[in-house]
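Bear in mind the structure is a predicted one, so any value in this text is a computation, not a measurement.
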Amino acid sequence: MSVELPLADEITAVFARATKLLLTEETVAHALRLITDAATAAIPGAIGAGVSLINHSGLRQTTAASDAVVAEADALQYALEEGPCITAWASGETVLVEDLASDRRWKRWAPAAAGLGIASSVSCPLLSGGLALGAVKVYSDGGQFAGNGTVRLAELFAEQATLFVIHSHAREAARTLSDRLQESLAQRDTISMAKGLLMARNSTNDDAAFRDLMMLSRQTGKPLALVAAELLAAARPFDN
């Protein structure tokens, strides 16, 4: 039997609004915050939601949180190295906690989270292929929270968050590639000018000038582009 999702129009509007953002680093964070706010509003009994990501150093961090309780509950998971969000992250599967008081999976985190007023939660991994990029989690103080409808809603928010994270990673990779390409072109130009200098100075051809540069590089133990740049810098006073 299908489960009718509450606030369907509102959720669609939030996703559309977030998708239209120009996804710079700042607006990716803003889009994720929109998702956590919408998840809190859409899921019955929710007191807060958040998105956790892993950075390039392997450090887990809460990128977006709708409430201070979320940030505190997440910080406990990172410090204790246990909790439903970390489990969802590691397993690549949604983790539902229907009753935190009776759950025995996280013996240190559970009582600490209960002290924050958390009674149940659902955590969904952000999956890209076989890789978990992070997780969306929603915390509740109880009530009509647990169930298939709650899980499906949380997974919808996780799917949307995943799209933004993938887009952000792709943009960063493209920017890095562009920087490397520009650096490579600049180095090529520097080497070409240095060869021209040696050709004029020694009355040699292109191949001979390149061999001279390679020999200088081996002798000094410096990269070819650096040797070329130093050669050009040393020659400039004599050009004036």
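L127 and I86 fall into different hydrophobic clusters, defined by Ile, Leu, Val, Met, Phe, Trp and Tyr side-chain heavy atoms under 4.5 Å apart, directly or through other members. Hydrophobic clustering of Ile, Leu, Val, Met, Phe, Trp and Tyr side chains at less than 4.5 Å, counting indirect connections, keeps M199 apart from L231.
Note that CH2 of W106 is 10.5 Å distant from SG of C85, once rounded to the nearest 0.5 Å. Taking CZ from F157 and OG1 from T40, the interatomic distance works out to 8.5 Å, rounded to the nearest 0.5 Å. With rounding to the nearest 0.5 angstrom, the CE atom of M193 is 5.5 Å from the CG atom of L232.
A donor atom on one side chain and an acceptor atom on the other are found under 3.5 Å apart for S52 and K137.
The main-chain N or O of S123 is never found under 3.5 Å from a side-chain atom of W89 such that the two would form a donor-acceptor pair. Checked by atom type and distance alone, the side chain of S66 pairs as donor or acceptor with a backbone atom of A49 at under 3.5 Å. Although no hydrogens or angles enter the test, the distance criterion places no donor-acceptor pair under 3.5 Å between the side chain of T190 and the main chain of A229. Remark: side-chain polar atoms of S217 are paired, donor with acceptor, to backbone N or O of K222 under 3.5 angstrom. A donor-acceptor distance shorter than 3.5 angstrom exists from the side chain of T162 to the backbone of A158, with no hydrogens or angles considered.
Between R33 and D37 there is a salt bridge, since at least one side-chain N of the basic residue sits less than 4.0 Å from a carboxylate O of the acidic one. Using a 4.0 Å cut-off between a side-chain N of Lys or Arg and a carboxylate O of Asp or Glu, E82 and R104 do not qualify as a salt bridge.
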